[in-house]
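Working notes, beginning with the structure itself.
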Amino acid sequence: MGKELKLDSAPEGERKFADELGDEEMTIIKMRWAILLALFGTWAGSARAQTPPQSPTYLKCGWLLDGKSDQPQKDVIIAIDGEKIQSIGAASSRTPASQIIDLSRETCLPGLIDTHTHILLQGDITAADYDEQLLKQSPEYRTILATVNARRALMFGFTTIRDLETEGAGYADADVKKAINNGVIPGPRMQVATRAMDVTGAYPLQGYAPNVTVPHGVQIVDGAEDGRKAVREQISHGADWIKVYSDRSYSVRPDGVLDDIPTFTIDELKAIVDEAHREHHKVASHAMALHGVHNSVVAGVDSVEHGNYIADDDLKTMASQGIFYVPTIFVGDYVAQGRAAAGAPVWLKMVSIHEDTFRRALKAGVKIAFGTDAGGFDWKIDPAKEFAYMVKFGMTPAQAIRAATSSAAELLDMQDKVGTVANGKFADIVAVPGDPLKDVTVLEQVDFVMKGGVVYKKP
Ligand SMILES: [Zn+2]
């Protein structure tokens, strides 16, 4: 055949050639059109789905965990008007049946919040995995993959994420966020950190010949003034958060403390934090061990990421100053074997050190927000696996759920908009077929997702 059909001219073309073509060829053309129309219909349908329905929708929930109280409510009707929650109450005979979504066998919860993701990353167990992505994939291709990851996050039930840097893909996270907000692609609400910062010689790609120029997974920053400039630059290009890497090169001391090499000096960190705060932005600090965490806390960052080891004194300061702990437990276990096999056995020991720290943080009353480092592991894996680890390390299921809803919303300063099911908040609601207070792993089976009053997944 060799005739290419184009969306805008094909019907005419099809008629023009109809006389010359046999029945078989016509059938093929019709099939191709049916496929094109079906694809277009799906696309148009999903684009339309970005607009919430005009008349109220009612969710009939068997149980509701509202994100605030640890006590579930039974048989609840949530009325949704546009993108907001209008009211929450008991079922009434006046509720029009045609507008009810029946979730009477489900537990409804606020949309989940993952406060540590990397949508521009496709899993990097070893340094080689990471280098491959930065060396062989263009930022444009990585952005296409990121749009798929954003959709995956939403379908897993994460209606809000804080994406903590693009790992060498520039400001692509700000564009993915824009595309979601403009209804171009489905995805969670996003806060983004853009490029992140680290000092010379501390962040991959590393180990190449000095005369070979390679990309880096961060913006390289040396000196306090350089730090302030980078903060200004990143904020001007859309950063909601400033992300710093505060330590590297981990080892376990004989007394069991996880040691590290701090990256920034205290002066550099303080300048970055001061500049970010001056511009009303918060700072997230990757800090896995003794000095990195200590320096971050002294500099006044807003969240400590990973925190495999945190000294008791620093936990005390975190609790008193309201600095959040985002532990990302699952990813540590996920990469441990692979990194040990690649020559870094310290990662195997870090898991038990992490458990001890997590238990001490709970006791010290540190605010803990749910974060997974998704992207550090494959996006096909449900980030909700983190819940089981938090419970294994000492949280109740209710505490773990609050970490991923109301507490996470507080870290993001979005507590007036998301994180609880309450009147006037965004209708970001998910549901699971079971009782997550009895078995928290049921959160890995989210089968209903609504974001801003729009249904993306139904049981
Ligand atoms: Zn991370």
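All figures in this text were calculated on a predicted structure; none of them were measured in a lab. Numbering of ligands and ligand atoms starts at 1, following listing order.
Side-chain contact check for Asn295 and Ser246: no donor-acceptor pair (N or O, by modelled atom type) lies under 3.5 Å. Side chains of His286 and Glu305: no donor on one and acceptor on the other come within 3.5 Å. Of the N and O atoms on the side chains of Gln219 and Tyr203, not one donor lies less than 3.5 Å from an acceptor on the other residue.
Here the N, O or S atom of Asp373 that is nearest to the Zn ion (ligand 1) is OD1.
With a cut-off of 2.8 Å, the Zn ion (ligand 1) has an N, O or S atom of His116 in range. Taking 2.8 Å as the threshold, His306 does not count as a candidate ligand of the Zn ion (ligand 1), since none of its N, O or S atoms lies below it.
Ionic pairing of Lys282 and Asp413 is present here: one or more N-O contacts between side-chain nitrogen and carboxylate oxygen are shorter than 4.0 angstrom.
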